[in-house]
Amino acid sequence: MRYTPHTPSDKEQMLRAIGLSRIEELVEHIPAALREKAKIALPEGLTEVAVKKKMVALAGKNATAQDWHFFLGGGIYHHAIPSAVDAIISRAEFATSYTPYQPEVSQGTLTAMYEFQTLICQLTGMEVANAGVYDGASAAAEAVLMARRVQDGRRRILVSRALHPQYRSVIATYLRNLHDLEMVEIPFTESGATDAEFIAKAADDRTACVVVGYPNFFGVIEDLAPLRAACDRAGALLVTVTTEPLSLALLKPPGDWGVDIAVGEGQSLGVPMTLGGPGFGFFAAQKKFVRSLPGRLVGETVDAAGRRGFVLTLSTREQHIRREKATSNICTSQSLCALAATVFMSILGKQGMRRLAEVNARRAHAARTRLIQEAGLAPVFSGPFFNEFALKVSGWSERRGRFFANRIVPGAPLAEWYPELPDALLICVTEMNEEEEIEQLVRTFIAR
Amino acid sequence: MRYTPHTPSDKEQMLRAIGLSRIEELVEHIPAALREKAKIALPEGLTEVAVKKKMVALAGKNATAQDWHFFLGGGIYHHAIPSAVDAIISRAEFATSYTPYQPEVSQGTLTAMYEFQTLICQLTGMEVANAGVYDGASAAAEAVLMARRVQDGRRRILVSRALHPQYRSVIATYLRNLHDLEMVEIPFTESGATDAEFIAKAADDRTACVVVGYPNFFGVIEDLAPLRAACDRAGALLVTVTTEPLSLALLKPPGDWGVDIAVGEGQSLGVPMTLGGPGFGFFAAQKKFVRSLPGRLVGETVDAAGRRGFVLTLSTREQHIRREKATSNICTSQSLCALAATVFMSILGKQGMRRLAEVNARRAHAARTRLIQEAGLAPVFSGPFFNEFALKVSGWSERRGRFFANRIVPGAPLAEWYPELPDALLICVTEMNEEEEIEQLVRTFIAR
Amino acid sequence: MSERLSRADDRRPKLPLIFESGSAGRSGFFWPEEKGSNEIPAALCREEIPGFPEIGELEVLRHFTRLSHLNFSIESEFYPLGSCTMKYNPKVNEVVARLPGFSLVHPLAPPELIQGALELLLQLEKMLAEISGMDAVTLQPSAGAQGELAGLMLIRAYLKEKGDARRKIIVPDTAHGTNPASSTLCGYDVIQVSSNKQGVIEPAMVEQVMDDSVAALMITNPNTLGVFEKNIQAIADVVHRRGGLVYLDGANLNALMGIAKPGDMGVDVLHINLHKTFSTPHGGGGPGAGPVGVKSFLRDYLPVPRIVKKGGDFALDANQPKTIGRVRSFFGNFGILVRAYTYIISLGSDGLEDASRMALLNANYLKKKLESAFHLPSTEPCMHECVFTDRYQQKQGVSTLDIAKRLLDFGFHPPTIYFPLVVSGALMIEPTETETRETLDAFAEAMLAISREAIEAADFVKAAPYTTPVGRLDEARAARKPQLRWSPAGG
Amino acid sequence: MSERLSRADDRRPKLPLIFESGSAGRSGFFWPEEKGSNEIPAALCREEIPGFPEIGELEVLRHFTRLSHLNFSIESEFYPLGSCTMKYNPKVNEVVARLPGFSLVHPLAPPELIQGALELLLQLEKMLAEISGMDAVTLQPSAGAQGELAGLMLIRAYLKEKGDARRKIIVPDTAHGTNPASSTLCGYDVIQVSSNKQGVIEPAMVEQVMDDSVAALMITNPNTLGVFEKNIQAIADVVHRRGGLVYLDGANLNALMGIAKPGDMGVDVLHINLHKTFSTPHGGGGPGAGPVGVKSFLRDYLPVPRIVKKGGDFALDANQPKTIGRVRSFFGNFGILVRAYTYIISLGSDGLEDASRMALLNANYLKKKLESAFHLPSTEPCMHECVFTDRYQQKQGVSTLDIAKRLLDFGFHPPTIYFPLVVSGALMIEPTETETRETLDAFAEAMLAISREAIEAADFVKAAPYTTPVGRLDEARAARKPQLRWSPAGG
Ligand SMILES: Cc1ncc(COP(=O)(O)O)c(C=O)c1O
Ligand SMILES: Cc1ncc(COP(=O)(O)O)c(C=O)c1O
């Protein structure tokens with residue numbers, strides 16, 4: 001393919017206008033030594049037909065949720081997405097516009113971002129939210145960095161071991177080079193919850209914040225009351241990280257627990273799994289922190305005629321103005337995915353979000369009960385959960401073959417991240433896992 | 001699913017406004033006897049997820065051009081369609097608007113229709129074209145009816161036996177009830193072309209028109225000169241029907257042959273095969289017949305400010321004005337498919353259309369030669385062809401199994417429509433049939 | 001963004017036609033030259049197509065995207081076009097119809113390779129029969145009008161078979177133009193029967209014109225005034241007694257689902273517009289689909305091939321001696337049939353019954369809101385649509401056309417205007433069931449505002465619209481010297 | 001159709017927010033109630049979400065369709081936003097990215113079930129390495145800025161390993177804001193080096209600030225004036241001689257494909273913005289992707305997991321002792337990577353080389369057309385973009401902002417304005433290679449018309465735009481008392 005519209009005569013006329021005769025003259029000011037080595041050793045271009053064929057073949061080598069029974073969560077969730085969502089985000093006016101630097105011709109994007117910020121505030125129960133960041137992991141890291149900003153002098157970060165392991169490693173990566181910061185891991189109890197007593201002891205006046213998953217990586221819903229209390233005593237901020245925001249349509253939202261910064265991954269709200277990206281990170285906080293927020297913020301204002309309009313605002317926080325003093329380096333974010341979530345939440349609305357969350361919880365609870373009672377699997381944790389849970393599955397490496405033969409992926413082994421949990425499988429059940437699938441899952445576990 | 005937005009309180013308020021208390025009161029004026037039997041015995045509604053799953057399963061039971069090697073033409077062709085085409089026709093502004101009765105808010109559709117009419121004129125070499133009709137078959141029937149209108153008194157229609165058999169039967173169906181019309185079949189010669197001598201004899205002053213395929217159903221390109229001459233002598237109109245309009249980017253267009261009415265099926269110009277529909281019929285003619293044309297016509301005009309605009313015009317031909325005296329009964333047509341063709345022809349343009357036609361012709365000719373020379377198949381006809389041709393394949397019913405096992409459908413047996421051609425297979429080769437496919441086709445024929 | 005009013009301060013370029021832009025030799029399509037040659041004699045070949053577009057892919061997309069911004073559509077505006085049932089066209093239908101298993105299927109593939117398609121078609125026939133109360137259905141017709149033609153052909157073939165060739169079709173004066181047009185196309189003479197002051201057909205009137213030269217009566221129910229023909233059974237009896245058949249124009253089936261089945265009204269043949277009642281998109285004028293349903297005595301006359309189930313397999317049966325033959329190629333507008341099928345299983349019996357009831361609720365609600373300011377020609381209870389006239393506004397010289405054009409400035413698509421013909425200055429409003437109470441309220445307010453404007457500023461209304469890409473266009477000029485194609489000459 | 005200027009004759013309703021329409025209890029989602037119950041303690045649960053939308057599917061579609069009409073976008077307008085490379089985003093990429101085999105794949109599925117995805121990722125790493133002249137690539141970073149951060153972390157880890165912890169990064173004054181911001185985020189102090197009058201960095205200047213406390217120099221090439229840093233190799237030598245590394249901001253790679261490889265310029269680390277050079281859509285602000293390429297000596301420090309080929313199979317290797325760790329979850333923005341991969345195989349080596357050359361041709365052509373009326377701060381030859389200023393127009397008090405706003409009335413998106421910061425009143429124009437000569441001509445005419453308007457009617461220009469849905473918005477007010485969310489109170 002070629003997407004360059006230049007005909008030979010176009011080129012010739014344009015060159016003549018510039019005062020040149022050959023295209024190569026455009027690059028002759030570049031050192032010859034560089035130009036000589038610049039040829040690209042890749043195959044020639046293909047027709048669109050050949051491209052599609054090649055890509056269909058590649059795609060065909062992946063197991064999809066359409067042909068397989070996935071009981072996989074762990075930060076990425078397979079949920080119902082109304083076709084209307086893709087219809088909207090496919091519209092060129094949204095998909096092929098840039099970050100809305102010219103508000104007069106970007107009210108579509110800006111209005112949607114303002115609606116997004118509002119929806120995130122409502123979902124999390126927080127006072128302010130930005131227009132989104134890269135993903136849940138970087139959102140968690142940004143939250144820690146923000147805690148450091150607003151809590152200056154405090155150099156200690158307590159992070160729950162029950163927080164998504166990839167998020168913990170991203171936080172660690174972000175902190176590693178900020179020599180002055182120390183990251184302390186909080187253990188979890190046999191309920192699968194973060195150890196509140198440990199926090200009570202460890203949190204002190206050097207502690208900037210405490211970071212926990214809500215629900216956490218094991219699917220367990222943390223009781224945030226004792227954590228909030230411990231943070232209050234220590235003057236530390238409480239940060240929650242949610243990887244399954246659908247749960248917040250059912251669970252007491254972070255804001256109601258008095259959380260200071262509530263962040264998470266938004267993929268589960270209308271974005272296909274897509275091997276884990278793109279999704280988007282959401283970032284909400286208490287109003288008093290607004291000027292320390294990372295990322296973009298859209299605010300309401302008016303034009304000379306008094307018409308309501310929306311603009312990017314408080315940008316003095318941002319890199320393009322503040323440069324090295326910015327609250328974050330983020331520029332291009334994940335707008336279109338945030339738009340997908342905005343459309344998704346708008347369609348489901350108050351009742352639909354609640355219903356979908358209820359269906360997830362009930363179906364997951366019923367499945368766990370069956371796996372324990374009928375397949376005799378032992379629970380790993382005792383804490384309350386939303387739509388995922390860990391069960392003991394011994395000899396997974398021998399058994400997995402049988403499951404895959406039935407096109408079932410029953411869960412994700414926790415051992416990779418938790419050597420202390422060698423036989424644990426993290427199992428997720430959503431509304432997309434039908435009766436029969438769960439039946440099959442149970443039967444396959446029984447048949448050993 | 002439900003697409004009705006009414007909440008219980010909406011219903012209540014609305015009923016109150018109307019002065020009713022129950023929905024059923026809205027229908028109480030309808031005879032009870034009818035209402036009692038009105039319940040619909042169908043399953044309950046499904047979620048969008050369940051619907052998609054069910055439809056994916058149904059779709060999975062069909063052999064597609066993606067997984068199979070089709071060498072099928074016969075009126076429906078598998079061609080490259082730039083993704084941009086679907087991107088445009090998916091836009092709600094085009095897909096969910098009605099026939100443009102209010103031109104001030106339909107200039108998008110009307111302008112595109114005007115461009116479509118122009119493209120059809122250019123492609124066929126004719127002077128005027130309408131905005132499209134249902135399909136190639138009804139276009140052929142409408143052409144015959146139009147010939148009858150402009151040739152009144154003449155009651156005889158000569159139709160080539162080499163015209164698409166389904167089109168012939170549709171013409172027959174349309175004519176059957178117009179008692180005064182007689183349809184005479186013109187035989188074809190061993191070249192696969194329509195018998196010009198027969199026409200020379202049969203065409204007389206009772207003959208309204210002569211209808212031939214161009215190219216015809218056997219893929220053969222008719223030499224229209226003798227037909228034109230015969231028609232001139234008899235004062236009959238010459239009507240061509242094209243099922244593969246891509247060929248007109250390479251072949252001498254009907255207009256250049258002096259054809260009076262040129263119609264055909266447009267599917268091959270940017271519309272997926274979709275089991276044969278929807279596509280669209282195109283309908284072009286000489287200018288002098290413009291007021292006898294069936295279907296919609298878009299014309300250029302201006303508004304009070306002198307701005308160019310487009311409107312449906314000459315509608316006194318149409319049913320909504322003329323009622324029983326209309327030139328046709330057509331109302332809803334196939335606009336969106338005509339739009340697809342407009343986008344398709346715009347993207348390919350002058351060079352692309354020519355290139356694609358050339359590729360089809362060359363590939364088909366090369367394939368035919370190999371099948372004859374390497375697989376030893378005998379040609380059925382000797383006439384020139386574009387991208388499909390008939391070859392002798394004996395014992396098809398025994399052999400088909402082997403082909404299907406290799407996911408090859410080598411062609412369509414002609415016997416169903418032509419008992420006189422018991423062993424003939426109509427084979428179509430387009431740009432979508434790659435080197436390897438043709439290789440496989442040849443090998444499978446050899447392996448007997 | 002859309003091109004709107006051109007004003008001094010508005011310097012956005014006028015939209016050129018695709019023929020008016022581009023550069024010689026440009027194309028958006030890339031395909032390597034094919035080796036070899038073709039053996040087509042030069043005498044049969046042409047040069048490159050003169051005047052054809054020479055533009056790139058991005059330019060094409062921009063052109064048509066900008067054009068799209070000049071349209072009103074269901075997804076951006078309320079579109080209460082009477083008799084057209086502009087309901088929401090569900091997105092999931094579009095996704096499903098694009099599955100390769102439906103879109104990349106060839107009609108000449110042997111039946112064993114298209115079992116899924118045949119299963120869908122046979123099931124859809126059954127579903128439509130159940131909803132309409134008929135015994136058998138053909139899915140071949142491309143739209144309602146072709147369905148009418150096919151239906152009349154069935155009647156003709158049946159009567160002929162009985163050796164009772166008849167020459168006439170009775171068509172009410174309220175009928176859609178396609179009814180008489182289809183009758184003529186089928187070789188029949190049309191006799192018009194007038195509706196009464198309420199727009200309803202009375203058995204007595206039919207009695208007068210019904211004789212044994214009449215093949216059938218074509219009736220629309222609810223009729224084009226949105227009124228249920230309550231005498232339909234009595235009327236059917238009249239027709240049947242004289243050996244005629246009853247054809248129902250099913251364009252308004254959206255008013256009847258789960259409320260009354262045409263099959264129970266004495267109807268022998270009907271067509272259904274899937275692009276109305278069954279939510280397939282109108283596409284700016286199609287494609288749609290016009291399946292025809294019949295009572296069992298007409299089954300043998302249906303177009304071929306018929307889809308049949310043999311054991312577990314689906315097959316095609318073209319061997320129907322009495323068939324009228326084909327009315328179109330292949331299987332009809334399959335892609336549209338897939339959408340309608342998807343819609344029906346999505347809603348299910350409960351959803352379909354709800355849809356018709358909400359369609360009635362919306363129409364009656366709007367009727368109530370508007371009757372204070374607009375004249376109602378019929379006081380009969382309305383079904384899914386209601387018809388008003390411009391009688392009151394005419395006092396100020398403001399016509400239905402003016403009202404329609406002014407509505408555009410309020411961001412609403414106008415109702416169907418000047419139809420049915422029996423109502424002078426008709427404004428035919430069909431809100432459909434997928435609209436909200438708030439939208440209906442806003443539309444009613446607009447209509448009332450216009451009726452006030454008609455009194456306070458008639459001339460202002462008569463010069464509308466003001467906010468559209470172009471103003472009222474000179475249709476007379478367009479028809480006088482038709483300019484039907486672009487040509488380099490210009491114009 | 002779009003909502004534009006509100007005028008007396010324009011009665012189209014203002015667009016409400018999704019929170020301002022709807023009806024209590026309405027939803028566009030349907031799912032039967034699930035039997036059973038959940039065992040979550042009531043104390044951990046909430047009520048339905050207060051204030052959440054209650055609207056139906058059609059209303060939602062109408063709302064966002066109308067919103068879409070308020071945007072400029074590549075597919076409806078020319079969008080010459082400097083440094084952003086707003087080239088055509090091919091439709092085929094969108095189709096491919098939506099294949100179930102890519103979109104319905106779970107990142108925690110075992111490697112044997114995602115071989116196609118891993119193959120694509122490994123191949124894309126190789127392709128990007130070849131195009132940029134680097135030895136190894138990571139695809140994890142979500143965008144350019146995260147790529148910068150990752151790249152600096154690699155440098156830091158490498159130096160640390162060598163026991164040579166350094167504290168500073170040299171950043172030119174022409175650099176994009178993300179460069180200094182990323183440096184700080186990585187724990188470095190930023191020292192700014194100024195470009196010369198031509199906007200170019202001179203080795204001598206780097207010499208002055210380069211010492212063994214400097215970890216690296218971040219340089220953009222072509223720089224943000226669209227000028228090729230011809231001394232880059234000499235500069236790299238200076239940095240290397242003092243034990244520092246060279247980081248290249250690859251945002252402008254679209255100027256270099258097949259022309260010069262950063263890997264040959266002495267660059268040790270770079271990032272690439274796939275949403276610029278590799279045509280993935282900007283989406284109104286992402287998602288994008290910012291892969292990082294390195295020379296072999298930095299390979300061991302790349303984020304984990306690495307994709308490796310073992311025999312015929314693709315596998316994940318997280319066992320990299322020297323790795324900086326993860327910079328984000330899972331595999332990065334896979335859906336974007338699929339689009340970029342599709343773009344690269346579509347164009348191929350020949351197409352990519354052509355793309356960069358045509359990007360240069362378009363930029364130089366525009367530069368030529370505009371230099372008579374607009375001030376050029378740098379006379380160096382330009383690459384893929386050129387920077388002008390408002391110096392001439394300032395004489396009439398017309399600023400870059402005014403010119404930008406007035407361009408909107410001509411139907412063009414403005415260039416990037418007031419960046420780079422070193423150029424006062426910068427107008428940074430990047431046409432990209434996918435635009436036609438005719439479009440460039442029309443844009444140039446608009447710019448020249450505005451420069452004439454600036455002389456003849458400065459105030460008129462300063463009050464622009466006139467044709468947009470809203471006029472200039474009060475940004476000060478927005479920042480003074482931030483209203484960042486809708487609330488029932490209203491606001
Ligand atoms: C009452 C009535 N009958 C028949 C038709 C014709 O149907 P179609 O447009 O599908 O051919 C219509 C369409 O507007 C109609 O409203
Ligand atoms: C020169 C330059 N560097 C870095 C960036 C940041 O890249 P991203 O927006 O992908 O984070 C940009 C984006 O505008 C840029 O233009």
Side-chain angles (χ1 to χ4, degrees), chain B residues 1-14 43-53 55-57 59-60 64 66-67 80-97 100 102-110 270 272 305 340 343-344 346-347 349, chain D residues 1-4 9-10 12 18 21-34 48 53-69 71 73-76 88-101 103-104 279 281 338-339 342-343 346 434 436:
Chain B
M1 278 302 298
R2 289 292 170 90
Y3 299 113
T4 42
H6 304 74
T7 65
S9 92
D10 290 334
K11 294 182 195 175
E12 198 208 300
Q13 291 177 55
M14 293 170 78
E44 293 259 299
L46 301 172
T47 64
E48 185 176 329
V49 170
V51 168
K52 262 199 228 131
K53 189 162 184 160
M55 298 309 286
V56 165
T64 75
Q66 215 171 61
D67 309 327
I81 304 177
S83 304
V85 174
D86 193 52
I88 290 299
I89 68 167
S90 307
R91 288 185 63 82
E93 298 91 328
F94 285 124
T96 75
S97 54
Q102 297 289 340
E104 299 86 350
V105 292
S106 310
Q107 285 300 301
T109 296
L110 286 161
V343 178
F344 176 88
S346 301
I347 292 175
Chain D
M1 252 158 75
S2 96
E3 323 297 308
R4 291 179 140 270
D9 53 17
D10 181 349
R12 279 161 304 141
I18 47 173
S21 52
S23 174
R26 192 180 295 159
S27 166
F29 185 73
F30 293 81
W31 201 284
E33 177 159 15
E34 184 87 353
E48 281 183 348
E54 301 188 277
I55 49 188
E57 186 165 302
L58 174 56
E59 288 171 273
V60 172
L61 281 163
R62 268 191 200 150
H63 176 76
F64 289 100
T65 301
R66 289 170 175 174
L67 283 186
S68 75
H69 290 154
N71 276 4
S73 73
I74 295 176
E75 270 173 47
S76 42
Y88 171 48
N89 309 141
K91 290 295 179 191
V92 62
N93 301 0
E94 299 305 308
V95 172
V96 163
R98 285 165 168 81
L99 291 169
S103 62
L104 296 183
S279 84
V338 171
R339 289 170 171 86
T342 306
Y343 178 75
S346 297
T434 57
T436 65

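Each chain gets a letter, A, B and so on, in the order its sequence line appears, and its residues count up from 1. Here the structure is a predicted model, which is why all the values come from computation and not from measurement.
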How long is the gap from CD1 on B:Ile88 to CD on D:Glu75, to the nearest 0.5 Å? 7.0 Å
Output for pair (D:Phe30 CZ, B:Glu48 CD), nearest 0.5 Å, gives 11.5 Å
When every non-hydrogen atom of D:Ala24 is compared with those of B:Thr7, the smallest separation belongs to O-CG2, 3.4 Å
Which of D:Gly22, D:Ser23, D:Gly25 touches chain B most, by non-hydrogen pairs under 4.5 Å: D:Ser23
Chain B contact via D:Val95 - which portion, at a heavy-atom distance below 4.5 Å: side chain
Side-chain contact, heavy-atom cut-off 4.5 Å: D:Trp31 with B:Val49? yes
From CD1 (B:Ile347) to NZ (D:Lys91), nearest 0.5 Å: 10.5 Å
Taking the side chain as every heavy atom from C-beta outward, state whether D:Leu58 and B:Pro5 have any pair of such atoms under 4.5 Å apart. no
Within this structure, what is the OG-CZ distance for the pair D:Ser27 and B:Arg2, rounded to the nearest 0.5 Å? 13.0 Å
Rounded to the nearest 0.5 Å, how far does CG of B:Asp10 lie from CZ of D:Arg26? 4.5 Å
Contacting moiety of B:Ala92, where chain D heavy atoms sit under 4.5 Å: neither
